[in-house]
*Asks:* 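Just dropping this structure here.
One is the number of the first residue; the rest follow in order along the sequence. Excluded from the calculations below are hydrogen atoms, water molecules and symmetry mates; all remaining heavy atoms, backbone and side chain alike, are included.
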Amino acid sequence: MIKIYAQNPNEKAVARVADVLRSDGVIVYPTDSVYAFGCSIRSPKAIERLRALSGKKGDEFSIVCPDLSTISAYARVDNAVFKVLKRNLPGPFTFVLNASGKVPDKFLEKRKTVGVRIPDHAVALAIVEALGHPLVTASVKDSEEEYTTDPSLIEERYGSAVEAVIDGGYGLCVPTTVVDLTGDEPEILREGKGELQ
């Protein structure tokens, strides 16, 4: 378990986590909604492990980016979409966008869209900035409806299955609001913590 405080993320600890991710590692880390699994978008091996750990398919994963320009590299962003993203990010949202050619096929699994996030959480942002490219991410859940919020319980359950659990304090149990921006109007697919501006 690696303790990293949101008030002032320790650079050495963040660099250690980025090294773990570059070495095909999978981590559990805090976000502005719930705790999440994460791995490098450039690691097909880690993406496979993420599937097994989370029990999710590729279309249920999102990517975490440090800023809007990174989102534009991995997804198609026109002016209307950009305005929605700019008003709401960083924040507890997952926006579904049309994927660009930069998203690996291994991640996409024949789909054409990608969920993107910029969490309003200093630890998550520090990790993705240190890594230098997006994280593939999926929420940590105990059951269909239950999100795990206590880092020590997460460590107990997943510590032997992941390379690092980042303790950023207690998490929340409300997931992100999921918004589809691939149509003419934003469509809310799941109500969550974020209120769309």
Side-chain angles (χ1 to χ4, degrees), residues 1-54 56 58 61-75 85 89-95 100 102-104 106-107 114-140 147-172 175-176:
M1 178 139 24
I2 302 172
K3 203 162 188 51
I4 304 179
Y5 297 99
Q7 289 73 19
N8 190 9
N10 178 302
E11 282 181 32
K12 275 195 178 125
V14 169
R16 216 168 99 208
V17 174
D19 285 343
V20 163
L21 291 163
R22 284 188 202 101
S23 310
D24 299 322
V26 176
I27 64 167
V28 175
Y29 68 102
T31 76
D32 55 353
S33 57
V34 298
Y35 266 84
F37 293 109
C39 71
S40 166
I41 196 168
R42 295 186 180 168
S43 173
K45 197 188 292 181
I47 293 171
E48 276 308 313
R49 287 182 52 213
L50 197 60
R51 273 197 186 93
L53 269 171
S54 65
K56 294 185 174 183
F61 294 146
S62 304
I63 61 172
V64 172
C65 298
D67 51 40
L68 290 173
S69 64
T70 307
I71 287 179
S72 318
Y74 287 86
L85 297 180
L89 294 175
F93 291 93
T94 301
F95 287 105
S100 76
K102 208 165 177 186
V103 179
K106 189 87 182 155
F107 172 80
V114 61
V116 297
R117 291 211 60 208
I118 301 178
D120 189 11
H121 195 285
V123 175
L125 290 176
I127 290 169
V128 77
E129 278 166 12
L131 181 61
H133 49 266
L135 279 174
V136 176
T137 194
S139 309
V140 174
Y147 292 97
T148 311
T149 59
D150 181 342
S152 56
L153 291 178
I154 293 170
E155 163 76 19
E156 212 171 276
R157 176 150 186 208
Y158 296 107
S160 59
V162 298
E163 278 65 34
V165 173
I166 316 307
D167 178 355
Y170 274 89
L172 300 169
T176 58

*Asks:* Less than 4.5 Å apart, side chain to side chain, heavy atoms only: is that true for Y170 and D150?
*Replies:* yes
*Asks:* Which value, rounded to the nearest 0.5 Å, describes the distance between I2 atom CD1 and I27 atom CD1?
*Replies:* 8.5 Å
*Asks:* Quick one, S139 and K56 - any side-chain contact, counting heavy atoms below 4.5 Å?
*Replies:* yes
*Asks:* Going from CG on L85 to OG on S72, what distance comes out if it is rounded to the nearest 0.5 angstrom?
*Replies:* 8.0 Å
*Asks:* To check you understand the geometry: which heavy-atom pair defines the closest contact between P119 and C65, and what is its length?
*Replies:* CD-O, 4.5 Å
*Asks:* If you define the side chain from C-beta out and look only at heavy atoms, does anything of V136 sit under 4.5 Å from R51?
*Replies:*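 A side-chain contact is absent here, since even the closest heavy-atom pair is not under 4.5 Å.
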*Asks:* Quick one: closest heavy-atom pair of V162 and V26, and the distance?
*Replies:* CB-O, 3.3 Å
*Asks:* Are T94 and T176 close enough that a side-chain donor and a side-chain acceptor fall under 3.5 Å?
*Replies:*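 Per modelled atom types, T94 and T176 side chains form a pair under 3.5 Å.
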*Asks:* Looking at side-chain heavy atoms only, is the closest gap between Y74 and V114 below 4.5 Å?
*Replies:* no
*Asks:* Of the non-hydrogen atoms in A126 and V14, which two are nearest, and what is the gap between them?
*Replies:*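 So the minimum-distance heavy-atom pair works out to O-CG1, 3.4 Å.
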*Asks:* Ignoring hydrogens, what is the shortest heavy-atom contact between L50 and C39? Give both atom names and the distance.
*Replies:*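 For L50 and C39, the tightest heavy-atom pair comes out as CD2-SG, 3.9 Å.
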*Asks:* I'd like to check V17 versus Y29 (side-chain heavy atoms, cut-off strictly below 4.5 Å). Are they in contact?
*Replies:* no
*Asks:* Under the criterion side chain to side chain contact (heavy atoms under 4.5 Å, CB included), I'd like the reasoning laid out for R22 against S40: C-alpha separation, chi angles, the key distance, then a yes or no.
*Replies:* CA-CA 7 Å; R22 284 188 202 101; S40 166; over 6 Å; no
*Asks:* If we only count heavy atoms from C-beta on, is the R117 to T31 side-chain gap below 4.5 Å?
*Replies:* yes
*Asks:* Is the closest basic N to carboxylate O distance between R16 and D19 below 4.0 Å?
*Replies:*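 No.
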*Asks:* So, do F95 and I71 sit near enough that their side-chain heavy atoms are less than 4.5 Å apart?
*Replies:* no
*Asks:* Taking S100 for its side chain and A73 for its backbone only, find out whether a donor-acceptor pair lies under 3.5 Å.
*Replies:* yes
*Asks:* If I take atom CE from residue M1 and atom CD1 from residue I154, how far apart are they, to the nearest 0.5 angstrom?
*Replies:* 8.5 Å
*Asks:* Supply the atom-to-atom distance E155 CD to I166 CD1, rounded to the nearest 0.5 angstrom.
*Replies:*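 Those atoms lie 10.0 Å apart.
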*Asks:* Considering non-hydrogen atoms only, spot the tightest contact between L53 and A161 and give its length.
*Replies:*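 Answer, listing the atom of L53 first, then A161: CD2-CB, 3.5 Å.
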*Asks:* Using side chain to side chain contact (heavy atoms under 4.5 Å, CB included), reason through V140 and F37 one step at a time and then give a plain yes or no.
*Replies:* CA-CA 6 Å; V140 174; F37 293 109; 3.8 Å; yes
*Asks:* Check for a donor-acceptor pair, side chain of R49 on one end and backbone N or O of G25 on the other, with a separation under 3.5 Å.
*Replies:*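 Judged by distance alone, no pair lies under 3.5 Å.
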*Asks:* Looking at D24 and S43, what are the two nearest heavy atoms and their distance?
*Replies:* OD1-OG, 2.6 Å
*Asks:* Is there side-chain contact between S23 and E163, with heavy atoms separated by less than 4.5 Å?
*Replies:* no
*Asks:* With rounding to the nearest 0.5 Å, note down the distance linking CD1 in I63 to OG1 in T70.
*Replies:*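 Going from the CD1 atom of I63 to the OG1 atom of T70 covers 9.0 Å.
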*Asks:* Given side chain to side chain contact (heavy atoms under 4.5 Å, CB included), test D32 with L172 step by step and report yes or no.
*Replies:* CA-CA 8 Å; D32 55 353; L172 300 169; 6.0 Å; no
*Asks:* Calculate, to the nearest 0.5 Å, the distance between atoms OH and CG belonging to Y35 and D167 respectively.
*Replies:*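 Result: 5.0 Å between the selected atoms.
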